[in-house]
J.: 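Before I ask anything, here is the structure I am working with.
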Number of protein chains: 2
Amino acid sequence: MNDDSVRGDGAVQPVFDLTQFTPYKLALAAQLLSEALARQYRQRFGISIPDWRVLVHLSHSGGASVRDIETSVVMEKSKVSRAASRLEGRGLVAKRPHPEDKRLVHLSLTPEGQALVAEIQPLALTLQAQIEADLGAGFADFAKALDLLADKYNLQGG
Amino acid sequence: MNDDSVRGDGAVQPVFDLTQFTPYKLALAAQLLSEALARQYRQRFGISIPDWRVLVHLSHSGGASVRDIETSVVMEKSKVSRAASRLEGRGLVAKRPHPEDKRLVHLSLTPEGQALVAEIQPLALTLQAQIEADLGAGFADFAKALDLLADKYNLQGG
DNA sequence: ATAAATACGTTGCATATGCAACGAAAATCG
DNA sequence: CGATTTTCGTTGCATATGCAACGTATTTAT
C-alpha cells in the first residue's frame, strides 16, 4: 500500500492499491456476507435485510417504536418505516398507536411474524457458528476490532 | 448470542441479539467507514465511492476495460459503466475503443483525472494510517480475517 | 466457412435509497 | 397557560442500484 514510486518529475507518488485499502476490504467482506445472507432470506422467506433487522429487533425487544429500531439497529427512519409497512402488509408485524404518546407507533410481531423469526433464526445462528469456526481463535479479536471501528467512525470521520 | 431461554411450551428458543451478529457488525462498521469516506470525497471532490474506485483502479493499472474493473474491484458492470460515463463527462477519464478487440472499451485517466487522484490519495492514506493506529498490533490479523471472509463468501454462502 | 455460443458494454425498467418536507403530537419556554 | 421548539413517523422526490435484455463483436464448434 505504501511503496513509493518516483515519477518523471522527481516527485514521489505513493503506489495505492485499492485491494489493500482497509475500508475497501471491509466493504467487500460486508457486501459478500450480506449478499449471501440476503439470498437465503429472500429465496426462502421473501424478506430483505432491512425486513430481517426489524423482525429480529422486534423479536428481541418484544415491541418497539420506529425510533427505537432506528437507533438500535442503525437504519434510517424512513427505511424502518417502509420495512414496517411491508411487514405489516404481509401480516408479520402489527402497528398500534402508543397509548401514552400518540406520536409513537408501537410495532410488534404477530404470531405469524414470531413463527417466521423462529424459522429464520437457525439459519443465522448457523452462519454465525460458521464464521466463528472460520476465524477460529482470532474471532473474539475480530469482533472487538469491528466494534472499535464502528464506535470510532460513528458520526464523523474519526 | 447463544443464551437459551425456555418458552412456555417447554421448547428452547435461542436468544438472538442482532448487535452481536457478526454479519451485522461487519455491515455496520463498513457502512460507517464508507459514509465517513464518502462524505469527504463528495464534499471536497464531488465524486462517489464507485467513482473513486474506478479512478483508483485506473491510476493503479494505468488503463483497463470495464470488465477488468468489474472483476478487480468487485462492482457490477453497469455500475462501472455508469461511473465511467460520469467521469468521462467530467473530463477525468478517457474512453477509447480497444484496437484489437472492438468489444472492449479502454478506460484511462486524463491528466485532470491523474491530478484528482493525486489530490485524493493523501486523504485515503491518512485514513488508512489512522485505522492501522486504531487497531494497533491487531491490525494485521484483522486484515487477514477480512480477506478470509471475503474469500470464503465470495459467490455462495460458504 | 458458416452457424451457434459466448463475451462485452450500455440501457431500460422496476425497485431501493437518502434526504428534506410535512402534519401531528408532545415538551419546553416565557 | 399560550407560544415556540422539538420529536415522531410518513411521504414526495431525485438519485442509485441490480437485473435482464439488447446490439455488437469475438470465439468456438460443426
J.: Using a cut-off of 4.0 Å on non-hydrogen atoms, how would the nucleic acid contact of E100(A) be classed: base, sugar-phosphate, or nothing?
T.: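 Counting heavy atoms under 4.0 Å across all strands, the contact made by E100(A) is with sugar-phosphate only.
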J.: Only counting residues at least two apart or in another chain, list the ones meeting salt bridge (Lys or Arg N to Asp or Glu O under 4.0 Å) with D151(A).
T.: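 Here no residue qualifies.
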J.: Heavy atoms under 4.0 Å, any strand shown: does S65(A) hit a base, just sugar-phosphate, or nothing?
T.: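 The answer is sugar-phosphate, as S65(A) gets under 4.0 Å only of primed atoms, P, OP1 or OP2.
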J.: Is a side-chain donor-acceptor pair under 3.5 Å present for Y153(B) with D134(A)?
T.: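 Yes, Y153(B) and D134(A) have a side-chain donor paired with an acceptor closer than 3.5 Å.
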J.: When the distance from CG of L104(B) to P of dT10(C) is rounded to whole Å, what number comes out?
T.: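 Nearest whole value for this atom pair: 11 Å.
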J.: Between R103(B) (CZ) and dA5(C) (P), how many Å, whole number?
T.: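 After rounding, the gap between these two atoms is 17 Å.
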J.: Between R82(A) and S78(B), name the one whose nearest nucleotide on DNA chain D is closer to the 5' end.
T.: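 Checking each residue's closest nucleotide, the 5'-ward one belongs to R82(A).
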J.: Have a look at K102(B) and say if it touches a base, only the backbone sugar-phosphate, or nothing, with a 4.0 Å heavy-atom cut-off.
T.: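 Sugar-phosphate, backbone atoms only, no base.
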J.: Whole Å only: how far is the NZ atom of K77(A) from the C1' atom of dA24(C)?
T.: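 In whole Å, dA24(C) C1' lies 13 Å from K77(A) NZ.
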J.: What residues form a salt bridge (Lys or Arg N to Asp or Glu O under 4.0 Å) with E88(B), not counting sequence neighbours?
T.: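 Applying salt bridge (Lys or Arg N to Asp or Glu O under 4.0 Å) to E88(B) gives K95(B).
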J.: Taking only residues two or more places apart in sequence or in another chain, which ones pass salt bridge (Lys or Arg N to Asp or Glu O under 4.0 Å) with R96(B)?
T.: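 In terms of salt bridge (Lys or Arg N to Asp or Glu O under 4.0 Å), with neighbours along the sequence ignored, R96(B) is linked to no residue.
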J.: With sequence neighbours excluded, what pairs up with R44(B) under the side-chain hydrogen bond (donor to acceptor under 3.5 Å, both in side chains) test?
T.: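 R44(B) satisfies side-chain hydrogen bond (donor to acceptor under 3.5 Å, both in side chains) with no other residue.
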J.: Taking the nucleotide of DNA chain D with the closest heavy atom to each, which residue, K79(B) or S81(A), is nearer the 5' end?
T.: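 Looking at DNA chain D, the more 5' nearest nucleotide goes with S81(A).
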J.: Taking heavy atoms of chain B and a 4.0 Å limit, find me the 5'-most and 3'-most nucleotide of DNA chain D within that range.
T.: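 The contacted stretch runs from dT17(D) to dT26(D).
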J.: Using a 3.5 Å cut-off and no angle test, enumerate the donor-acceptor pairs between side-chain atoms of residues 137-144 of chain B and protein atoms at least two apart in sequence or in another chain.
T.:
none

